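The figures that follow rest on heavy atoms only: side chains count, while hydrogens, waters and symmetry mates do not. Here the structure is a predicted model, which is why all the values come from computation and not from measurement. Sequence positions, counted from 1, serve as the residue numbers for this chain.
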Amino acid sequence: MDMSVISIESLAISFSQKLTSRGFHKGSLRHFTAYQSSGVLQSNREVIGIVLQGELLIEFSDTQWVIETGTEFFLPPNVYFQATAGEHGAHFLFA
């Protein structure tokens with residue numbers, strides 16, 4: 001096995017430990033199929049997450065981010081956003 005490749009499991013475990021150390025007690029794992037979208041969402045809390053596999057496009061009213069495998073992301077509270085998976089779908093963990 002190529003040790004330069006980080007497994008999804010090790011990314012998830014490491015991120016879960018970071019969540020616990022930051023005071024989060026519950027995370028959610030999601031899978032989006034290719035080009036699946038969340039629709040427009042808003043959270044009254046901050047959201048922190050990591051893409052475990054694939055690619056996720058986060059769109060705000062004035063900007064967009066492409067988040068790739070292994071990249072953590074932060075969404076501020078009280079903003080409208082939409083998340084859309086890339087061509088290979090996306091697995092992501094967030095709290």
Practice problem: Could you tell me the separation between the CD atom of Glu55 and the OG1 atom of Thr84, rounded to the nearest 0.5 Å? | Solution: 11.0 Å
Distance-only check: which donor-acceptor pairs under 3.5 Å involve side-chain atoms of residues 58-65, not counting sequence neighbours?
none

Quiz item: In Å, rounded to the nearest 0.5 Å, how long is the span from CG of Leu56 to CD of Gln36?
Solution: 10.5 Å
Quiz item: Measuring from Phe73:CZ to Phe94:CZ, what's the distance to the nearest 0.5 Å?
Solution: 7.5 Å
Quiz item: Would a hydrophobic clustering, with Ile, Leu, Val, Met, Phe, Trp and Tyr connected at side-chain separations under 4.5 Å, put Val79 with Ile67?
Solution: yes
Quiz prompt | Phe32 and Phe92 aromatic ring geometry - parallel, tilted or perpendicular at 30°/60° bounds | solution = perpendicular
Quiz item: Under a 4.5 Å side-chain heavy-atom rule over Ile, Leu, Val, Met, Phe, Trp and Tyr, are Leu41 and Leu93 clustered together?
Solution: no
Exercise. Check whether any side-chain heavy atom of Val51 sits under 4.5 Å from a side-chain heavy atom of Thr71, and report yes or no.
Key: no
Self-check item: salt bridge (charged side-chain N to carboxylate O under 4.0 Å, His left out) contacts in which one or both residues fall within residues 68-93, not counting sequence neighbours
Solution: Lys18-Glu72
Quiz item: Any side-chain heavy-atom pair from Pro76 and Glu46 closer than 4.5 angstrom?
Solution: no
Quiz item: Excluding sequence neighbours, so at least two apart, what forms side-chain hydrogen bond (donor to acceptor under 3.5 Å, both in side chains) with His88?
Solution: none
